[in-house]
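Here's the structure, in structure tokens; my notes come after.
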Amino acid sequence: MGMMMAVSFTRYGRLYYLDPGPHTPQVGDRVLVPTDAGPEVAECVWAPQWVSEDIGGLPVCAGLAGEEHLARDEANRRHRAEGRSTAKRLIRKHELPMKVIGIDYLDADNVYKVYFSAPHRVDFRALVRDLARAMKARVELRQVGPRDEARLQGGIGPCGRDLCCATFLKDFEPVSVRMAKEQDLPVNPLRIAGACGRLMCCLKYEHPLYQEFKERAPRLGSTVDTPEGQGVVVGYNVPGDQVNVKVAGRRCACPSASVCAPRRAHDETYGP
């Protein structure tokens with residue numbers, strides 16, 4: 001067991017998990033998070049508590065943020081806002097098909113990192129020169145894909161909750177249309193696509209459950225014995241662990257154990 005806490009750099013943004021160390025911040029406190037560019041200010045959204053999982057290797061909280069850290073964080077926020085405004089203005093001036101997604105400012109090196117999306121590769125060499133001249137700093141432009149765009153911008157998914165990629169999802173795992181078919185979902189891009197326009201990441205979450213269920217459940221169209229009598233399997237209800245069976249012209253939902261041959265054989269031999 002160990003102690004763990006969660007912080008966020010933006011309101012309702014992605015969560016980052018830390019080892020609180022000797023500190024005991026409360027929800028809403030501003031704390032220091034170690035990063036490659038030095039300690040950054042974040043808000044505690046989950047107070048330290050004991051967890052049973054193995055959490056070795058988490059970064060250690062550097063303590064509560066002081067007045068000088070808060071002042072530095074506010075100054076960096078102003079730099080990022082000014083940088084975004086300047087980048088948008090110069091992109092319009094150069095008439096480039098680019099959309100500013102996010103911007104970072106590293107005050108220690110006086111560097112702006114501008115993240116943008118575009119339908120194709122863009123020649124932005126002239127834009128970089130004008131940005132560096134206007135911002136009086138070194139500027140790096142990085143093009144991101146649709147999934148990273150959704151992660152940086154955030155938003156609400158079809159389920160009505162904040163996007164997984166913008167809150168807790170760290171890595172993008174491969175998602176295929178086959179997963180939607182195996183979960184009996186309509187293969188309609190408007191129904192199974194997320195805010196980024198790609199297949200929803202949550203199709204991966206329950207996919208192993210559907211695979212396991214269909215391996216032990218009777219096949220569609222097979223004849224099975226149920227508490228209601230003999231019938232034909234016409235569908236599945238995987239979340240409810242039930243099999244839909246048509247018995248005497250009507251449909252009924254039976255627990256998968258009651259129509260599973262190995263389970264019935266076990267009960268006949270050893271008792272229910």
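Below, all heavy atoms of this structure are taken into account, side chains as well, without hydrogens, waters or symmetry copies. For the single chain, residues carry numbers from 1 onward in sequence order.
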> Are Val100 and Leu152 connected, step by step, through hydrophobic side chains (Ile, Leu, Val, Met, Phe, Trp, Tyr) whose heavy atoms are closer than 4.5 Å?
Replying inline: no

> Checking side-chain contact (heavy atoms from CB on, under 4.5 Å) for the pair Arg142/Lys113: CA distance, chi angles, key distance, verdict?
Replying inline: CA-CA 7 Å; Arg142 299 183 180 181; Lys113 294 183 179 181; 3.5 Å; yes

> Should the pair Phe168 and Tyr205 be assigned to parallel (<30°), tilted (30 to 60°) or perpendicular (>60°) ring geometry?
Replying inline: tilted

>> salt bridge (Lys or Arg N to Asp or Glu O under 4.0 Å) for Glu182 and Arg178? Distances and angles first, verdict last.
In response: CA-CA 6 Å; Glu182 292 185 352; Arg178 178 174 57 84; 3.2 Å; yes

>> Is it the case that atom CZ in Arg198 sees more than 12 heavy atoms from other parts of the structure closer than 6.0 Å?
In response: no

> If every non-hydrogen atom of Gly28 is compared with every non-hydrogen atom of Glu43, which pair is closest and at what distance?
Replying inline: CA-OE2, 3.8 Å

>> Is there a side-chain contact (heavy atoms from CB on, under 4.5 Å) between Glu40 and Leu32? Walk through the geometry before answering.
In response: CA-CA 5 Å; Glu40 296 289 342; Leu32 296 176; over 6 Å; no

>> If we count only N and O atoms by modelled type, under 3.5 Å, do the side chains of Asp130 and His94 hold a donor and an acceptor together?
In response: yes

> In terms of side-chain geometry, is the basic nitrogen of Arg138 or Glu140 positioned less than 4.0 Å from the acidic oxygen of its partner?
Replying inline: yes

>> Checking Val139 against Val111 for the side-chain contact (heavy atoms from CB on, under 4.5 Å) test, could you report, in this order, the C-alpha distance in whole Å, the side-chain angles of both residues, the deciding distance, and whether it holds?
In response: CA-CA 6 Å; Val139 179; Val111 175; over 6 Å; no

> What's the shortest heavy-atom distance between Pro25 and Val31, and which atoms?
Replying inline: CB-CG1, 3.7 Å

> Using 4.0 Å as the upper bound for N to carboxylate O, is an ion pair formed by Arg72 and Asp107?
Replying inline: yes

> So which heavy atom on Gly21 is nearest to which on Val60, and how close?
Replying inline: CA-CG1, 4.1 Å

>> Applying side-chain contact (heavy atoms from CB on, under 4.5 Å) to Gln183 and Tyr210, what does each step give before you reach the verdict?
In response: CA-CA 6 Å; Gln183 297 177 42; Tyr210 279 80; 3.7 Å; yes

> What heavy-atom pair brings Phe9 and Val41 nearest, and what distance separates the two atoms?
Replying inline: CD2-O, 3.4 Å

>> With a 4.0 Å cut-off on N to O distance, would you call Arg78 and Asp73 a salt bridge?
In response: no

> Do you know the tightest heavy-atom contact between Leu203 and Ala180?
Replying inline: CD1-CB, 4.4 Å

>> Counting neighbours of CD on Glu95 that are heavy atoms of other residues, nucleotides or ligands and sit closer than 6.0 Å, is the number greater than 12?
In response: no

>> Using a 3.5 Å distance criterion without hydrogens, assess whether the side chain of Asp109 forms a donor-acceptor pair with backbone atoms of Leu106.
In response: no

> Which of these passes side-chain contact (heavy atoms from CB on, under 4.5 Å) with Ile91: Thr86, Leu131, Leu127, Val122?
Replying inline: Leu127

> Between Tyr112 and Tyr105, what is the ring plane arrangement, given parallel below 30°, perpendicular above 60°, and tilted in between?
Replying inline: tilted

